[in-house]
Amino acid sequence: MGLDRTCKEFALLSLKLTIIATWVAAQPKPECQSNCGDISIPYPFGTGNGCNISSNFFIRCDTTSNPPKTFLSSTDIEVLHISLDGYLRIQQLVGFDCYNSLGRSSYGESFSLLNFPISNTRNKFTAIGCDTYALIEGTLGHTYSTGCVTFCSDVEDVINGSCSGIGCCQAAIPKGVRNYVLNFDTRRNHSNVLDFSPCSYGFVVEDGAYNFSVSDLSNVNFNTTKFPIILDWTIGNQNCTEAKLDPKNYACKENSVCIDPENYSCKENTSCINPGYLCKCLDGFQGNPYLSYGCQDIDECGTLKPCNETATCYDVAGSYYCSCPEGFEGDGQKNGTGCSPKVKSHQSFPTLLVALGIGILFSLLCSSWVSLGLRQRKLNKLKQDYFQQNGGILFREHLSRYKEYGETAKLFTIEELKKSDKQLP
Ligand SMILES: *[C@@H]1O[C@H](CO)[C@@H](O)[C@H](O)[C@H]1NC(C)=O
Ligand SMILES: *[C@@H]1O[C@H](CO)[C@@H](O)[C@H](O)[C@H]1NC(C)=O
Ligand SMILES: *[C@@H]1O[C@H](CO)[C@@H](O)[C@H](O)[C@H]1NC(C)=O
Ligand SMILES: *[C@@H]1O[C@H](CO)[C@@H](O)[C@H](O)[C@H]1NC(C)=O
Ligand SMILES: *[C@@H]1O[C@H](CO)[C@@H](O)[C@H](O)[C@H]1NC(C)=O
Ligand SMILES: *[C@@H]1O[C@H](CO)[C@@H](O)[C@H](O)[C@H]1NC(C)=O
Ligand SMILES: *[C@@H]1O[C@H](CO)[C@@H](O)[C@H](O)[C@H]1NC(C)=O
Ligand SMILES: *[C@@H]1O[C@H](CO)[C@@H](O)[C@H](O)[C@H]1NC(C)=O
Ligand SMILES: *[C@@H]1O[C@H](CO)[C@@H](O)[C@H](O)[C@H]1NC(C)=O
Ligand SMILES: *[C@@H]1O[C@H](CO)[C@@H](O)[C@H](O)[C@H]1NC(C)=O
């Protein structure tokens with residue numbers, strides 16, 4: 001058992017050493033710009049010169065502003081955060097539609113053409129105003145249009161913090177939206193609510209990133225506000241099965257797995273944009289799955305300290321194990337059975353004796369039973385042999401010939417004789 005463990009340890013250790021030897025630790029591609037201001041740029045994103053996986057993943061860093069600003073591709077869409085979990089946080093200005101006593105005074109259409117779809121699960125289309133029809137429109141293979149309405153006649157009716165149709169409304173965003181335009185309409189040009197809600201505002205916003213405040217209705221500078229939006233990014237336009245067939249361009253590197261985006265359906269229209277795929281480090285590994293050896297083994301022993309203090313922790317590729325000291329047993333885990341002293345031999349001696357005693361007794365019983373059976377069988381065989389040797393068969397045949405004259409003679413078996421013997425006085 002000791003040898004077995006040593007062998008296992010050695011094998012795992014040598015595997016780990018190979019991985020470490022070939023491992024290049026970096027979030028961006030080596031020799032690529034790792035961040036723009038305080039926004040980090042992990043590969044597959046990059047600032048050109050082979051640092052981005054494709055032109056969709058190009059990041060433009062504008063160093064003329066202070067702090068530097070990060071933009072997506074060649075657009076003016078500002079990036080706030082890039083996550084390797086397949087999302088991107090950008091920010092966009094709100095759309096607005098303002099009125100005075102003469103009618104519409106200013107209008108700002110918010111529109112976007114995006115490389116990646118807006119996450120339908122992590123954003124909401126939100127509109128505020130008291131005479132507001134707000135629509136979000138775009139193309140999604142076919143054109144789509146959705147939105148919400150919000151009305152109120154008195155500022156007293158508006159509940160601060162509640163976005164439920166009075167002063168504020170929300171709508172879900174369809175799946176796969178990559179472009180949109182915001183449109184507004186009113187019933188009475190805000191004429192009856194001009195004093196507290198001269199404008200309608202509309203924006204797509206990350207879930208939870210906006211809390212409706214009554215004061216936003218009358219805030220004429222609200223149109224300078226920018227809100228975060230979550231985009232879902234994926235690699236290419238193939239699913240995992242298809243992507244693996246092209247190893248040269250397959251983006252998932254060592255110690256990683258390919259993931260298909262959840263619930264993606266292309267059934268409605270065959271010309272819809274294909275989902276693409278994501279990569280994820282295997283369990284027990286962390287880092288950038290898009291870089292060669294970017295997924296690094298997690299040192300569980302050092303970070304989690306998962307073993308009982310008496311046990312020794314061994315970090316192996318993708319995992320770890322705890323080993324109890326000599327004379328102890330258990331899984332060695334803090335969360336598990338820990339290490340407890342092995343059951344001592346003097347404690348087990350009496351039980352062993354009893355067990356041994358029962359065993360011997362049982363086997364004795366067994367063997368005597370068997371030998372008894374054997375002896376019985378031997379006896380029977382002997383009887384039969386004697387019967388045959390002493391002309392028993394001939395005698396029986398001879399007897400059967402007299403059967404036709406009535407049952408004058410009978411060959412008694414030993415059992416029958418025994419029975420008759422008992423019946424005798
Ligand atoms: C990175 O993006 C730039 C700008 O869009 C593009 O010219 C370049 O081809 C991209 N790199 C790769 C490897 O596609
Ligand atoms: C709203 O204002 C527009 C001009 O901006 C005007 O043409 C229209 O008649 C107005 N509608 C109402 C209901 O006042
Ligand atoms: C799919 O969408 C395209 C436009 O993007 C359209 O021309 C085509 O007819 C649609 N096909 C189906 C089956 O709806
Ligand atoms: C919105 O309100 C919730 C709870 O009231 C709070 O946790 C959250 O931080 C607020 N969000 C913003 C953007 O203010
Ligand atoms: C509404 O709530 C916000 C915080 O969510 C607060 O700053 C504001 O003062 C409140 N307005 C009123 C009128 O209560
Ligand atoms: C906000 O609206 C005002 C007019 O109400 C306009 O002058 C200004 O340009 C708008 N700001 C933006 C960022 O659109
Ligand atoms: C991947 O795409 C191919 C072709 O579009 C399709 O036949 C296959 O079912 C897809 N696989 C998965 C797991 O979605
Ligand atoms: C995927 O579909 C299942 C069932 O249809 C649903 O419960 C789940 O919330 C969906 N996930 C996403 C991210 O849409
Ligand atoms: C131990 O279990 C708790 C909850 O049961 C969990 O939160 C913790 O991460 C576990 N620790 C280790 C080292 O597995
Ligand atoms: C280590 O294991 C022993 C025996 O199971 C247990 O008594 C002790 O509490 C464990 N220590 C920790 C830190 O879990």
Side-chain angles (χ1 to χ4, degrees), residues 28-34 36 41-62 70-77 79 82 86 88 113-116 126 128 130 141 152 154-164 166-168 170 175-176 193 195-197 201 205 207-219 221-222 225 227 232-246 248-253 257-280 288 290-292:
K29 228 175 175 180
E31 287 164 43
C32 286
Q33 193 175 335
S34 66
C36 177
I41 310 169
Y43 189 74
F45 291 87
T47 52
N49 300 323
C51 291
N52 45 306
I53 200 168
S54 71
S55 44
N56 272 356
F57 291 82
F58 177 66
I59 294 292
R60 184 164 53 90
C61 187
D62 179 7
T70 311
F71 295 97
L72 189 55
S73 304
S74 47
T75 65
D76 59 354
I77 296 165
V79 175
I82 301 171
L88 200 61
L113 193 64
L114 303 161
N115 300 335
F116 303 113
T126 305
I128 63 172
C130 275
C152 36
D154 195 328
V155 71
E156 299 297 318
D157 299 341
V158 184
I159 304 157
N160 202 18
S162 161
C163 193
S164 54
I166 305 167
C168 176
Q170 285 191 323
K175 198 180 275 189
V193 293
D195 55 330
F196 65 92
S197 173
Y201 298 107
V205 61
D207 241 355
Y210 173 66
N211 286 341
F212 173 57
S213 171
V214 179
S215 53
D216 292 340
L217 287 175
S218 52
N219 180 5
N221 293 319
F222 194 73
T225 318
F227 283 112
D232 289 330
W233 61 264
T234 53
I235 304 284
N237 53 14
Q238 296 169 308
N239 61 27
C240 287
T241 326
E242 296 166 316
K244 280 173 191 162
L245 297 176
D246 181 13
K248 200 174 133 272
N249 292 314
Y250 183 51
C252 304
K253 302 301 187 210
V257 285
C258 184
I259 302 176
D260 281 309
E262 256 185 90
N263 296 358
Y264 197 92
S265 139
C266 249
K267 278 172 204 151
E268 305 117 36
N269 193 319
T270 47
S271 70
C272 76
I273 302 147
N274 289 313
Y277 61 94
L278 289 172
C279 308
K280 187 175 161 275
N288 189 334
Y290 303 95
L291 289 174
S292 194

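Counting starts at 1 for both ligands and their atoms, in listed order. One-based numbering along the sequence shown. Side chains are part of it too, since the values below use all heavy atoms of this structure and drop only hydrogens, waters and symmetry mates.
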Query raised in the report: Is the closest heavy atom of G50 to ligand 1 under 4.0 Å?
Result: no
Requested in this report: Within a distance under 4.0 Å of any heavy atom of T241, pick out the atoms of ligand 7 and give their elements.
Outcome: 11 (N), 13 (C)
**Report entry** Contacting atoms of ligand 1, where contact means under 4.0 angstrom from a heavy atom of F58
**Finding:** 2 (O), 3 (C), 4 (C), 5 (O)
Requested in this report: Just say parallel, tilted or perpendicular for the rings of F57 and W233, cut-offs at 30° and 60°.
Outcome: perpendicular
Query raised in the report: Can you find a protein heavy atom under 4.0 Å from atom 11 (N) of ligand 1?
Result: yes
Query raised in the report: Atom CZ of F71 and atom CD1 of I59: how far apart are they, to the nearest 0.5 Å?
Result: 11.0 Å
Query raised in the report: Quick one: does D260 get an N or O within less than 3.5 Å of an N or O on ligand 7?
Result: no
Query raised in the report: Of all the non-hydrogen atoms in the protein, which one sits nearest to atom 8 (C) of ligand 1, and at what distance?
Result: N52 ND2, 4.0 Å
Report summary line: Looking only at protein heavy atoms, what sits closest to atom 2 (O) of ligand 5 is N160 ND2, 2.4 Å
Query raised in the report: Which one holds for E242 and ligand 7: side chain close, backbone close, both close, or neither close, with close meaning a heavy atom under 4.0 Å?
Result: side chain
Query raised in the report: Can I53 be said to touch ligand 1, with heavy atoms closer than 4.0 Å?
Result: yes
Report task. Please check if any side-chain donor atom of S162 sits under 3.5 Å from a side-chain acceptor atom of S164, or the reverse. Result -> yes
Report summary line: atom 7 (O) of ligand 5 sits nearest the protein heavy atom S213 OG, 4.8 Å
Requested in this report: Start with the C-alpha distance between S73 and T75, add both sets of side-chain angles, then the distance that settles side-chain hydrogen bond (donor to acceptor under 3.5 Å, both in side chains), and finish with yes or no.
Outcome: CA-CA 6 Å; S73 304; T75 65; 5.8 Å; no
Report summary line: for atom 5 (O) of ligand 1, nearest protein heavy atom and its distance come out as S55 CB, 3.3 Å
Query raised in the report: For the Cys pair C252 and C258, is the SG-SG distance shorter than 2.5 Å?
Result: no
Report task. Taking the side chain as every heavy atom from C-beta outward, state whether I235 and P44 have any pair of such atoms under 4.5 Å apart. Result -> yes
Query raised in the report: CG/N115 to CG/L72 distance, rounded to the nearest 0.5 angstrom?
Result: 5.0 Å
Report task. Using only heavy-atom distances, determine whether the side chains of D216 and Y210 contain a donor-acceptor pair under 3.5 Å. Result -> yes
Query - Heavy-atom protein neighbour under 4.0 angstrom from atom 14 (O) of ligand 1 - result: yes
